[in-house]
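Working notes, beginning with the structure itself.
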Amino acid sequence: QIRALPCSAGSLIVFTHRLLHWGSAADPNSGAPPRVAVSFAAADESFEKPYFARHHLPFPPFELRVALVAGNLLTYGQNDDPGVDRTDLWWSAFLRGRHQFSQEYATRVAASKEWL
C-alpha cells in the first residue's frame, strides 16, 4: 500500500528529478480533500535543450502553451492509459503547435503517442 508523502495542507515538498518518484493515492481515511500537485522543472541548456525557443518567454503564446500541455500529457500518458479519444485529442492539440518545438521534443512526443 503506497501512499502519498504525508504533509500538512499548504506544505511544499521539493526534491531533485534524480530521485525516483511517482504519484500515489492519499490516505482514504484522512477526510482531507484530494491533493493537488504542481511540478516545475529547470535545466541548464548544456544539460537539456529547451523544448521551445526562449524568445517565447516569459509568457508563451496560448497555442504554444496548449501544445506543450498536450505534448506532456502524451508523454506521461504512459503512466495511465488515456484511451483513444483523449490520445487523439491531445495529439491534435500538439500538432497545432508542433512547429514551435525542438525536433528532439517533437520526436519524443510522437514516440509516446505511438506507444499509446
Side-chain angles (χ1 to χ4, degrees):
Q1 294 280 348
I2 298 172
R3 294 282 176 229
L5 186 61
C7 62
S8 301
S11 296
L12 175 68
I13 300 173
V14 180
F15 51 89
T16 174
H17 68 283
R18 290 187 172 103
L19 175 69
L20 181 60
H21 64 283
W22 59 92
S24 56
D27 181 353
N29 300 315
S30 73
R35 69 187 179 112
V36 175
V38 178
S39 177
F40 296 92
D44 186 275
E45 288 186 37
S46 65
F47 179 75
E48 181 178 32
K49 185 176 177 181
Y51 293 165
F52 54 84
R54 296 226 184 261
H55 74 267
H56 291 298
L57 298 175
F59 302 110
F62 183 73
E63 176 187 70
L64 178 56
R65 287 181 279 150
V66 170
L68 180 61
V69 168
N72 285 334
L73 286 168
L74 287 163
T75 301
Y76 288 97
Q78 298 172 17
N79 297 340
D80 183 34
D81 181 12
V84 174
D85 291 341
R86 282 188 185 161
T87 300
D88 289 345
L89 175 67
W90 297 343
W91 181 242
S92 176
F94 176 73
L95 288 178
R96 287 188 200 108
R98 182 180 184 177
H99 62 281
Q100 300 181 78
F101 293 106
S102 70
Q103 184 60 46
E104 292 84 359
Y105 180 68
T107 299
R108 183 183 332 159
V109 172
S112 295
K113 192 262 184 192
E114 291 304 315
W115 189 86
L116 293 172

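Note: hydrogens, waters and symmetry copies are ignored here, and every other heavy atom, side chains too, is used.
Ring planes of Phe101 and Phe52: perpendicular class, angle over 60° (limits at 30 and 60°).
Under the side chain to side chain donor-acceptor pair (under 3.5 Å) criterion, Asp44 pairs with Ser46, not counting sequence neighbours. Residues that satisfy the side chain to side chain donor-acceptor pair (under 3.5 Å) test with Ser8, not counting sequence neighbours, are absent from this structure.
Counting only residues at least two apart or on different chains, the side-chain hydrogen bond (donor to acceptor under 3.5 Å, both in side chains) pairs with a member in residues 55-68 are Glu63-Gln100. For residues 5-15, no residue pair satisfies the salt bridge (Lys or Arg N to Asp or Glu O under 4.0 Å) rule, not counting sequence neighbours. Screening residues 94-105 for salt bridge (Lys or Arg N to Asp or Glu O under 4.0 Å) gives Lys49-Glu104 as the qualifying pairs, with residues at least two apart or on separate chains.
Taken from CH2 in Trp90 to CG in Leu116, the straight-line distance is 8.0 Å, to the nearest 0.5 Å. Here Asp81 contributes atom CG and Thr87 contributes atom OG1; the two are 6.5 Å apart, rounded to the nearest 0.5 Å.
Looking at every heavy atom in both residues, Ala93 comes nearest to Ala70 through CB-CB, 3.7 Å. Considering every non-hydrogen atom in both Ala67 and Gly97, the closest pair reads CB-CA, 3.8 Å. Heavy atoms only, all atoms of each residue included: Phe94 and Gly71 are closest at CD1-CA, 3.8 Å.
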Only pairs under 3.5 Å count here: list side-chain donor-acceptor contacts from residues 106-115, not counting sequence neighbours, and write none if there are none.
unit_1 : atom_1 : unit_2 : atom_2 : d
Thr107 : OG1    : Gln103 : O      : 2.8
Thr107 : OG1    : Gln103 : NE2    : 3.0
Arg108 : NH1    : Tyr51  : OH     : 3.1
Ser112 : OG     : Gln78  : NE2    : 3.3
Ser112 : OG     : Arg108 : O      : 3.1

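Linking ILVMFWY side-chain heavy atoms closer than 4.5 Å, directly or via other members, places Leu74 and Val66 in two distinct hydrophobic clusters. Both Tyr105 and Val69 belong to a common hydrophobic cluster when Ile, Leu, Val, Met, Phe, Trp and Tyr are linked at side-chain heavy-atom distances under 4.5 angstrom. In the hydrophobic clustering of this structure, Leu57 groups with Leu64; members are Ile, Leu, Val, Met, Phe, Trp, Tyr whose side-chain heavy atoms approach within less than 4.5 Å, directly or through other members.
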